[in-house]
Every structure is written in C-alpha cells, then in structure tokens.
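Along the sequence shown, the residues carry numbers beginning at 1.
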Amino acid sequence: MYELLATLTATTFLGDLGTAAEHFESALTVDPLSAILVVVGQLIIGVSVLALGYLTLGAVVDLLTPESFGQAPPRDEQ
C-alpha cells in the first residue's frame with residue numbers, strides 16, 4: 001500500500017517538474033524583462049537557501065563541539 005503511494009507520489013512529482021520547466025520556458029521567452037525577473041528571483045532564492053544552510057551548519061557545529069575546545073577546564077582553588 002505504502003509502496004504504491006510512494007510510487008504515485010514520485011511519478012506525480014516528476015511529471016510536475018516537466019510541466020514546471022515548460023512554464024518557466026514560456027515565461028522566459030515572452031520578453032527580456034520576464035527573463036531578467038526570473039533570473040533575479042532564482043538568485044534571491046539561491047542566496048537565501050545558502051545563507052540558511054550556512055547558519056544551520058554553524059548551529060550544528062556549535063552544538064557538537066565542546067565549549068572549551070583544546071583547553072583544560074578551570075580549577076577551583078579553595
């Protein structure tokens with residue numbers, strides 16, 4: 001049951017990708033302004049995805065590294 005659902009979902013997704021490519025192609029060929037807007041939109045999305053990935057990677061590294069990396073803990077001298 002789940003295999004059939006996964007297969008149908010994957011097939012639908014791949015079919016939708018083909019349709020999306022056709023829509024982008026028609027939007028790009030209407031006039032030069034449309035092409036510029038599509039490219040600028042893709043750049044904005046790409047930069048934001050890279051920034052979020054960089055921040056997420058930094059958070060994961062910060063979570064996994066100890067606070068005093070390479071240093072001995074301070075001694076309590078009483």
Side-chain angles (χ1 to χ4, degrees):
M1 171 82 178
Y2 292 115
E3 294 172 1
L4 177 63
L5 182 62
T7 304
L8 289 175
T9 304
T11 305
T12 303
F13 179 71
L14 292 176
D16 288 344
L17 280 179
T19 305
E22 292 172 5
H23 287 298
F24 274 110
E25 180 184 356
S26 66
L28 286 170
T29 57
V30 171
D31 62 53
L33 183 60
S34 295
I36 292 170
L37 289 174
V38 168
V39 169
V40 168
Q42 290 177 349
L43 286 174
I44 290 171
I45 290 172
V47 168
S48 63
V49 166
L50 286 175
L52 184 63
Y54 177 74
L55 292 174
T56 303
L57 181 64
V60 168
V61 167
D62 187 47
L63 181 68
L64 296 178
T65 56
E67 290 294 323
S68 59
F69 188 69
Q71 299 176 358
R75 295 184 191 169
D76 290 334
E77 295 181 25
Q78 295 178 354

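Among residue pairs with one or both ends in residues 27-53, those qualifying as side chain to side chain donor-acceptor pair (under 3.5 Å) are D31-S34; sequence neighbours excluded.
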Which donor-acceptor pairs under 3.5 Å do side chains of residues 53-61 form with protein atoms, sequence neighbours excluded?
residue	atom	partner	partner atom	Å
T56	OG1	L52	O	2.8

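By the rule that hydrophobic residues join a cluster once side-chain heavy atoms approach within less than 4.5 Å of another member, L28 and L43 end up as members of separate clusters.
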